[in-house]
Number of protein chains: 2
Amino acid sequence: MRLEQLEAFLAVAETGSFQAAARRCGVTQSTVSRQVQSLESELDAVLFHRTTQIKLTVAGDVLLPRARRISQDWQQATNEIADLMAGKQPELCVAAIHSVCAYLLPTVLQQFCQDYPQVQMRVTALGSDRALKVLRDGLVDIVIVMDNPRLTISTDMHVQTLYEEPVEVLMAADHPLTQFEIVPWDALTRYPQVVFKDGYGMQRLVQE
Amino acid sequence: MRLEQLEAFLAVAETGSFQAAARRCGVTQSTVSRQVQSLESELDAVLFHRTTQIKLTVAGDVLLPRARRISQDWQQATNEIADLMAGKQPELCVAAIHSVCAYLLPTVLQQFCQDYPQVQMRVTALGSDRALKVLRDGLVDIVIVMDNPRLTISTDMHVQTLYEEPVEVLMAADHPLTQFEIVPWDALTRYPQVVFKDGYGMQRLVQE
DNA sequence: TTCACTTACGAGACTCGTAACGATC
DNA sequence: GATCGTTACGAGTCTCGTAAGTGAA
């Protein structure tokens, strides 16, 4: 079944004439005629009494309401997706870790708001764990967090790597770790550290 | 939009795999792939994340429920019409004038019930006017009445001539009208007659 | 290498508009 | 004769399965 056949059928049913239907669909009468015929042969049923004035048969009568709903559903789906693509989604909720909110997001958001002025933006700064939870709960549309191997195996969300970032250690000038150009993890574990509290990606990273 | 494209989309969305979808639809994977691509290009939106495991995009998520309903609607329409054609209409209500009920219907009904044993028949004997009224009210599916020119111009019902029937005049052997081979209408009007009461086609015929 | 999706290709089917045809008024 | 639906025809498009290509694990 092709949608145009259904539209042709609807047009004929509603105008009561193949010619008028053809005008409405922007095609030739012969095309409308053939489209309706295709439909009829697919359903194996005559849909119209082709007398002087076109009238629906019983089968046509059965098809009419369903054809209407199918046409509407498709149109609605088309429109919604077109709106989605055009960025007319009414609201976009973003959660991101504090560092991203502070340094990365401002310029991006400015550009985004310029490109899609219709979209209401909502931005929240959250720790990685909490951000993932609200994403899973559907409270936000996207989150920007530190990479976490458990994410990539999760089946119900889509993960995309934005950029790589070196993790740096801040210490006193006479600290023993200054001997390293690149501090190994096991060396790091031998000294007391100041890190984020539980629920933050960095904390999880160091802990592991 | 073609229905098969929508079915392919649904199959992929529900099985999570193009291959499984192809098996379900009874076609090649490449066909499923192309059908989904057609849909995507028509909607101008990507419907699936084609990573290791197939996941719906936001657009795909929007389409899914509508696609389901369209598919169901079409299937239901198909089934209903097929049932209709197979004569599985649960009930057929017929109204006919008394003469037809007495002489014509019995053999026809017997044949019909043999051909379509699933159909519940309801037959009512009514005068022409009353029969037309119950037809218009949707209380019966078809009526068999005497021809009436006002019927053929009526827009909301379909009229089909079944057969022609001579109208005969019954009179005493010594009645003046016996002189005619065919009694003219204006001669008939000059004598008192016994006819049906109001609301019967014959009465209307004579009156006019 | 395997597995899964995409793409290239050629055969066949489909669809369209034009135009001829048929029926009805 | 005018109007309206159907049918024939040829050009162009689409769709399919097969088979080769591509990318990830």
Side-chain angles (χ1 to χ4, degrees), chain A residues 1-57 59-60 147 149-155 158-161, chain B residues 1-57 59-60 149 151-155 158-161:
Chain A
M1 188 269 288
R2 288 182 47 222
L3 191 70
E4 289 153 14
Q5 295 171 351
L6 226 55
E7 297 285 6
F9 163 76
L10 283 174
V12 173
E14 282 163 18
T15 62
S17 143
F18 279 62
Q19 284 205 143
R23 274 194 298 276
R24 206 175 87 171
C25 296
V27 294
T28 321
Q29 303 108 300
S30 80
T31 295
V32 172
S33 178
R34 261 179 288 116
Q35 284 173 335
V36 172
Q37 279 179 58
S38 300
L39 214 53
E40 288 181 323
S41 77
E42 183 173 351
L43 291 167
D44 209 25
V46 181
L47 295 171
F48 294 105
H49 295 292
R50 282 150 232 236
T51 52
T52 311
Q53 43 182 333
I54 304 307
K55 285 185 285 185
L56 282 171
T57 60
D147 187 33
R150 291 184 312 137
L151 288 186
T152 44
I153 60 166
S154 168
T155 174
H158 176 66
V159 180
Q160 185 163 353
T161 303
Chain B
M1 190 271 287
R2 289 180 50 221
L3 191 70
E4 289 153 15
Q5 294 170 352
L6 226 53
E7 298 285 6
F9 163 75
L10 284 174
V12 174
E14 282 163 18
T15 63
S17 141
F18 280 62
Q19 283 204 143
R23 275 193 299 275
R24 206 174 88 173
C25 296
V27 293
T28 320
Q29 303 109 296
S30 80
T31 297
V32 172
S33 179
R34 261 178 288 116
Q35 285 173 334
V36 172
Q37 280 179 58
S38 300
L39 214 54
E40 287 179 324
S41 78
E42 183 172 352
L43 290 167
D44 210 25
V46 181
L47 295 172
F48 294 106
H49 294 292
R50 281 147 231 236
T51 52
T52 310
Q53 43 183 330
I54 305 306
K55 286 184 285 185
L56 282 171
T57 61
L151 289 186
T152 43
I153 60 165
S154 167
T155 173
H158 176 67
V159 180
Q160 184 163 353
T161 303

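What's counted below: heavy atoms across the whole structure, side chains too, no hydrogens, waters or symmetry copies. First the proteins, then the strands, lettered A, B, ... as listed; each starts at 1.
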Handout entry: Distance below 4.0 Å between Q29(A) side-chain N/O and dT18(C) OP1 or OP2
Key = no
Exercise for the section: Grab the CZ-P distance between R23(B) and dC3(C) for me, whole Å please. Expected result: 13 Å
Fill in the blank from the handout: note: Q5(A), atom CD; dC14(C), atom P; distance rounded to Å ~ 11 Å
Completion exercise
Rounded to the nearest 0.5 angstrom, the CD1-NE2 distance for I54(B) and H49(B) is 10.5 Å
Problem - Side-chain donor/acceptor of R34(A) to base of dG5(D), under 3.5 Å - result: no
Practice task
Measure from CG on L3(A) to P on dT15(C) and round the result to the nearest Å.
Solution key: 14 Å
Fill in the blank from the handout: Ranking dG17(C), dT7(C), dT6(D) by distance to the side chain of S33(A), first place goes to dT6(D)
Problem - Sugar-phosphate only, base, or nothing, as touched by T52(A) at under 4.0 Å among non-hydrogen atoms - result: sugar-phosphate
Handout entry: Distance, rounded to the nearest Å, where L39(B) contributes CG and dT15(D) contributes P
Key = 11 Å
Practice task
Please report the shortest heavy-atom distance between A11(B) and C25(B), naming the atom on each side.
Solution key: CB-SG, 3.8 Å
Handout entry: For atom CD1 of I54(A) and atom P of dT3(D), their distance in whole Å
Key = 17 Å
Fill in the blank from the handout: Sequence neighbours excluded, the answer for side chain to side chain contact (heavy atoms under 4.5 Å, CB included) partners of E7(A) is L3(A), L10(A), S71(A)
Handout entry: Base dT18(C) to side chain S30(A), donor-acceptor N/O within 3.5 Å cut-off
Key = yes
Practice task
Select one nucleotide: of dG17(D), dT7(D), dG17(C), the one nearest the side-chain heavy atoms of Q37(A).
Solution key: dT7(D)
Handout entry: N or O in side chain of R2(A) less than 4.0 angstrom from dT15(C) OP1/OP2
Key = yes
Exercise for the section: For the residue pair R34(A) and S30(A), confirm or rule out a side-chain donor-acceptor distance under 3.5 Å. Expected result: yes
Exercise for the section: State, without any angle test, whether Q37(B) and S41(B) hold a side-chain donor-acceptor pair at a distance under 3.5 Å. Expected result: no
Fill in the blank from the handout: The nucleotide from dC16(D), dT6(C), dT15(C) with an atom nearest the side chain of F18(B) is dT6(C)
Handout entry: Spacing of Q53(A) atom CD relative to dT24(C) atom C1', expressed in whole Å
Key = 13 Å
Problem - Rounded distance in Å - CZ (F48(A)) to P (dT6(D)) - result: 10 Å
Practice task
For E4(A) and for S17(B), find the nucleotide of DNA chain C with the closest heavy atom, then tell me which residue's nucleotide is more 5'.
Solution key: S17(B)
Exercise for the section: Rounded off to whole Å, could you give me the NE2-to-C1' distance for the H49(B) and dA24(D) pair? Expected result: 17 Å
